[in-house]
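First up is the structure itself, then whatever we jot down about it.
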2 protein chains.
Amino acid sequence: MRPIIHPAITDVTVEGILYALSDPVRVEIFMSMAAADCAKPCSAYGEVKNRKLPKSSLSQHIKVLREAGLIRSQRQGVEIRNTTRCTELADKFGDLISGIVNAYQRQNSAKRKSKRA
Amino acid sequence: MRPIIHPAITDVTVEGILYALSDPVRVEIFMSMAAADCAKPCSAYGEVKNRKLPKSSLSQHIKVLREAGLIRSQRQGVEIRNTTRCTELADKFGDLISGIVNAYQRQNSAKRKSKRA
DNA sequence: TACAATAGTTCCAGAATATTGAACTATTGG
DNA sequence: CCAATAGTTCAATATTCTGGAACTATTGTA
C-alpha cells in the first residue's frame, strides 16, 4: 500500500490554506479537529451541521485538508488518525490560522445567540 | 441602470471572505487594491502576474470580491472606482484580513527572494 | 490460511462552478 | 446623436465537485 503523503511545511501555501478552509464543511472538520484532545479517525468527523457526510465526500475533504498542509493523517491499525499541524503552521504563518479559526468561532457563537433569541 | 449592490457589513461572512480570497487572482487584486493610495478603476487591476486578464473575467472577480463584502465599488463617470472595506472588516473580524494579507505578503517576498538567488 | 468486519480510498457519471469571447449597457465628450 | 471608453451580461465550453458503488487495507477470529 502506498503511504499517506503530506506536503513539507515549506511547500504549504497561503492560497492552499485559504482554498481548503473556504469550504464550510472543511472548516468545520478542521475546527473540530483542532478542538479535539487526541487524534481521531476520519469517521469522527463524519457529521457536520447535523448532516451525515457520505464517506467518499468525507474522504475527499480530509484529503484536501491534508494536501493543503493543514492536517496530518496516520494509519493506526484499521483506522486513520488525524491531527492538525497548527504548531508548524503557526511557526510559518503567524496568526493566520488562529485568526481564521477565531473569526469563525465568533461568527458561530453570534449565530447561535441570534437563533436562541 | 441598476445600482451596484454591496452587502451590509452584518451580512459579510468568514466563509465568503475565505472563498473570495482563496483564488490567487482575487487576492492579488485585493492586495493591490489595499495597497493603492486612492480608489482606482477596475481596469487598474487588469494585469495579474504578468498576465492580462480578459475583461469579463476581471469583472467577475471584482464582483466576487464585492459580493463577499471585501471591496466597495462606485461609479465615477465612465469608470467604476474601487476601494477595500478594510476598516469595517477589521471592526467586525479583527485581524482576519490583515493576517491573510500579511501571510501573503511574507510568502510573496520569500518567493521573490528565492527567485533572485 | 481464509474469511468477516471495519475504515477509508478510488472511480466515474452527473451536478455545479468557473472562464471568456461576443454582444450588450452606461457615461461622457464633442 | 455619435464615438469612445469602461464594465456587465450572456452563453457555450471547460473545469471542479459530489457521492454511490466497487475496491483496498488492516485486524481479529477460527
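Lettering follows sequence order; numbering is per chain, from 1.
When the nucleotides C/dT27, C/dG8, C/dT20 are ranked by their closest atom to the side chain of B/S56, C/dT20 comes out on top. The A/V78 side chain lies nearest to C/dA7 when the options are C/dT19, C/dA7, C/dT27. Comparing C/dT27, D/dG19, C/dG8 by their nearest atom to the side chain of A/P41 picks out C/dG8. The A/Y19 side chain lies nearest to D/dT16 when the options are C/dT20, D/dT16, D/dT8. Here the nucleotide nearest the side chain of A/S43, chosen from C/dG8, D/dG19, D/dT26, is C/dG8. Of the candidate nucleotides C/dT9, D/dG19, D/dG7, D/dG7 has the atom lying nearest to any side-chain atom of B/I80.
Remark: C1' of D/dT16 and CD of A/Q60 are 11 Å apart, rounded to the nearest angstrom. When the P atom of C/dT19 is taken as reference, atom NZ of B/K52 falls 17 Å away, rounded to whole Å. Put simply, CD1 on A/I5 is 15 Å from C1' on C/dT10, counting in whole angstrom units. The CD-C1' distance, from A/Q74 to D/dA25, rounds to 16 Å in whole Å. In this structure, A/Q76 atom CD and C/dG8 atom P are separated by 12 Å, rounded to whole Å. Between A/I4 atom CD1 and C/dT10 atom C1' there is a gap of 15 Å when expressed in whole angstrom units. The nearest whole Å value for the distance from the NE2 atom in A/H61 to the C1' atom in C/dG8 is 15 Å. Rounded to whole Å, the distance from CD1 on B/I62 to P on C/dT19 is 14 Å.
Base contact: B/S59 has a heavy atom under 4.0 Å from a base atom.
When the options B/T84, B/I71, B/I17 are evaluated for a side chain to side chain contact (heavy atoms under 4.5 Å, CB included) with B/L65, the one that passes is B/I71.
Toward the 5′ end of DNA chain C lies the nearest nucleotide of B/L58, the other residue of the pair B/L58 and B/K55 mapping further downstream.
No more than 12 heavy atoms of other residues, nucleotides or ligands shown are found within 6.0 angstrom of CD on A/Q74. Open room surrounds NZ on A/K52; 12 or fewer heavy atoms of other groups in view lie less than 6.0 Å from it.
The side chain of B/S57 contributes no N or O atom lying less than 4.0 Å from OP1 or OP2 of C/dT19.
For the pair A/R26 and A/Y45, the cation-pi test (distance below 6.0 Å, angle within 45°) is failed.
Cluster annotation: B/L21 and A/L89 are assigned to the same hydrophobic cluster (Ile/Leu/Val/Met/Phe/Trp/Tyr, side-chain heavy-atom contacts under 4.5 Å, transitive).
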